[in-house]
Protein chains: 2
Amino acid sequence: MPAAQSPNQNRLLAALPAAEFERLAPHLEPVEMLLGDILYESGGLLQHVYFPTTAILSLHYVMEDGSSSEIAGVGNEGVLGISLFMGGNTTPSRAVVQTSGQGYRLKAQLMMQEFKRAGLMQQLMLRYTQALITQMSQTAACNRHHSLVQQLCRWLLLTLDRMPTNELIMTQELVASMLGVRREGVTEAAGKLQQAGVIRYRRGHITVVDRSGLESQVCECYAVVKKEFARLLPDVLQRQDISQQSQNAGREAVLRTTDRSRSRK
Amino acid sequence: MPAAQSPNQNRLLAALPAAEFERLAPHLEPVEMLLGDILYESGGLLQHVYFPTTAILSLHYVMEDGSSSEIAGVGNEGVLGISLFMGGNTTPSRAVVQTSGQGYRLKAQLMMQEFKRAGLMQQLMLRYTQALITQMSQTAACNRHHSLVQQLCRWLLLTLDRMPTNELIMTQELVASMLGVRREGVTEAAGKLQQAGVIRYRRGHITVVDRSGLESQVCECYAVVKKEFARLLPDVLQRQDISQQSQNAGREAVLRTTDRSRSRK
DNA sequence: CGGATTATGTTAGGTAGCGCACATATGTCC
DNA sequence: GGACATATGTGCGCTACCTAACATAATCCG
């Protein structure tokens, strides 16, 4: 039973000046996104860009042999679909819903129009892209140099920062496909963290009990990414009000991205 | 003894319409870049953007423990310094010269002006950025899933595509720091390729003898990156004329990026 | 409530790449 | 031409992670 939402729960949207925001507001469609929904398939045409509010999305690279890795996550600090205005029209990666929740979407054409006005929206989008690039590069280096436990900590912290609670609805299998490792590897790493009293988990749920414990084990990559986001998007990150003030906005016309709720393959 | 160069040996510059090109041409400074020169230090302010013609540059991530990985390479198909117009003013990565050669540079301020005109230059830069993002993501996934030999093949092919010859001036130690692995690992992988008759090498030189041999061992990542470049920048890639027609342009005022020629640490 | 489904735990053996220590070869420079 | 710096080859033990095949446990659902 999700709480009411409003577009400015997405921090990029919230950072827009009133004039630009008002221009877009009528075109922002509320959407409900469910765990496993695929928003973009690799190579597909982008029809919309998505501004998550409570949902968390994940960009995946899927290799020929079926194995995959997360390249970056997108929460209420960001937007999905940057390739649109970068000129590609398609993404080379797949976008899936990592945590069920809501968000807003905007028709590709409208987004392009707004981008071309070269206003603050354009600046925000470009700076966000830059931050995303940092996250991707750091992931590349992290994959090379750091241990699974460290990477799990990094991933948990990044995800936690996008959530209002400290409990992820997430199987180890799913986490494994995010990190691009075997499920058993995650079992082992998560087991260590649980023994250390940092997290607790049960079938499909992971609860972070001791955030500072994660921070003490995580590799530098987490801090680097956070710092770069803070540097590039200070106005966006300051407003940490994901408060669930019920202001019943846009609650009626929520649409679903798909019907099947879990289509992970 | 380098051949004469002209700005349109850089394929991004060459793809500009005459009007835009003419506007920039007077401000393009020829530069000579030597192996090991550091063009940007991580976190430093960007004073110029660089358009390589014969040089090849490399974006590195350096971790706290000193280990590093290449995130992406930049040859005459690209430009170094995209973070400038993405809004960052600084790069989070280090840029070093991977193959000595020439290029042109443009003052950051002028580049920004041109970018803001929202002409073809802006479009080119954005699409190039998108292609770069693909390369980075693919690297992240490749680091996770593919063997050292495959990665070496990928790296050799990508580098080869940016070179007029088939001989790289490059120690195994350097290759190792690109791929983010141990030097011994490269020795072993290169040894395998040499035994297979694909490459030949001697102290600081690697010669690709059988390109198709590389292609048969490389992972999919190479093709994905190439394809994405071709899709996004068809106009840029078509002109494969890196011909060394001697047209003595801008030969007099070549400047060096630094004095020390090998400052790899 | 009982059975099907799905998540997690555990084992055993294999392997790629690491760290380290050293041997050898190849240029370079006085 | 000899000494020195630097690049490359090799061996060995080690660890993290993988492949694969199960055992057990939690949750869902009829």
Side-chain angles (χ1 to χ4, degrees), chain A residues 34-36 63 65-69 140-155 167-195 199-207 217 219 260-265, chain B residues 35-36 63 65-69 141-155 167-195 199-207 217 219 260-265:
Chain A
L34 293 175
L35 182 62
M63 317 241 67
D65 66 0
S67 58
S68 75
S69 299
C142 191
N143 279 354
R144 172 64 83 203
H145 296 288
H146 299 141
S147 74
L148 214 170
V149 177
Q150 288 180 306
Q151 295 183 39
L152 179 57
C153 289
R154 168 176 62 85
W155 187 86
E167 179 179 349
L168 324 190
I169 312 296
M170 177 115 320
T171 67
Q172 299 185 357
E173 179 84 45
L174 253 178
V175 175
S177 88
M178 298 282 170
L179 297 178
V181 297
R182 265 180 338 146
R183 195 267 313 162
E184 290 91 326
V186 173
T187 301
E188 190 192 329
K192 280 184 196 164
L193 290 179
Q194 177 154 256
Q195 277 192 343
I199 64 174
R200 229 171 332 109
Y201 59 89
R202 51 174 246 272
R203 203 166 219 258
H205 300 248
I206 306 176
T207 308
Q217 294 203 44
C219 48
R260 76 230 131 76
S261 68
R262 290 145 166 258
S263 58
R264 171 180 45 82
K265 209 256 133 133
Chain B
L35 182 62
M63 317 240 68
D65 67 359
S67 59
S68 76
S69 298
C142 191
N143 279 355
R144 172 66 81 205
H145 296 288
H146 299 140
S147 74
L148 213 170
V149 177
Q150 289 180 305
Q151 295 183 39
L152 179 57
C153 289
R154 167 176 63 85
W155 187 86
E167 180 179 350
L168 324 190
I169 312 296
M170 177 114 320
T171 67
Q172 298 184 358
E173 178 84 45
L174 253 179
V175 175
S177 89
M178 298 283 169
L179 296 179
V181 296
R182 267 182 336 150
R183 196 265 312 160
E184 292 90 325
V186 174
T187 301
E188 190 192 328
K192 280 185 195 163
L193 290 179
Q194 177 154 256
Q195 279 191 344
I199 65 175
R200 228 170 333 110
Y201 59 89
R202 50 174 247 272
R203 206 169 219 256
H205 300 250
I206 305 176
T207 309
Q217 295 203 42
C219 49
R260 76 230 132 75
S261 68
R262 290 144 167 260
S263 58
R264 168 181 46 80
K265 212 249 123 150

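Per chain, numbering begins at 1; letters A, B, ... match sequence-line order.
- Here B:Tyr201 does not reach the OP1 or OP2 of C:dA25: none of its side-chain N or O atoms lies under 4.0 Å away.
- With rounding to the nearest 0.5 Å, the separation of CD1 in B:Ile206 from CD1 in B:Ile199 is 6.0 Å.
- A donor and an acceptor atom sit less than 3.5 Å apart, one in the side chain of B:Arg183 and one in the base of D:dG9.
- In this structure, CD of B:Gln150 is placed 15 Å from C1' of C:dT15, rounded to the nearest angstrom.
- Distances from the side chain of A:Arg202 to the nucleotides C:dG9, C:dG17, D:dT27 place D:dT27 closest.
- Within the model, atoms CD of B:Glu167 and CZ of B:Arg202 stand 6.0 Å from one another, a figure rounded to the nearest 0.5 Å.
- As rounded to whole Å, 10 Å separates atom P of C:dG19 from atom NE2 of A:His145.
- Contact of the A:Val181 side chain with the B:Arg144 side chain is registered, since non-hydrogen atoms from C-beta on lie closer than 4.5 Å.
- Put simply, CG on A:Asn143 is 14 Å from P on C:dG17, counting in whole angstrom units.
- At whole-Å resolution of the value, CG in B:Leu179 and P in C:dA16 are 17 Å apart.
- The line from CD of B:Glu173 to CZ of B:Arg183 is 7.0 Å long, rounded to the nearest 0.5 Å.
- When each of A:Gln194 and B:Gly185 is assigned the nucleotide of DNA chain C with its nearest heavy atom, A:Gln194 is the one assigned upstream, toward the 5' end.
- Look at B:Arg182 and you won't find any side-chain N or O under 4.0 angstrom from OP1 or OP2 of C:dG17.
- Rounded to whole Å, the distance from CZ on A:Arg200 to P on D:dA26 is 15 Å.
- Both B:His146 and A:Thr187 lie close to DNA chain C; mapped to their nearest nucleotides by heavy-atom distance, the more 5′-ward contact belongs to A:Thr187.
- Between A:Glu173 atom CD and C:dT5 atom C1' the separation is 14 Å, expressed in whole Å.
- At a cut-off of 3.5 angstrom, the base of C:dG17 holds no donor-acceptor pair with the side chain of A:Arg144.
- Atom CG of A:Leu148 and atom P of C:dG17 are 17 Å apart (whole Å).
- Atom pair B:Leu35:CG and D:dA7:P shows a separation of 10 Å (rounding to whole Å applied).
- Under 3.5 Å, the side chain of B:Glu184 and the base of C:dC20 form at least one donor-acceptor pair of N or O atoms.
- The side chain of A:Thr171 lies closest to C:dT8 when the candidates are C:dT8, D:dC18, C:dG19.
- Rounding to the nearest 0.5 angstrom, the gap separating the OG atom in B:Ser67 from the CZ atom in B:Arg182 is 13.5 Å.
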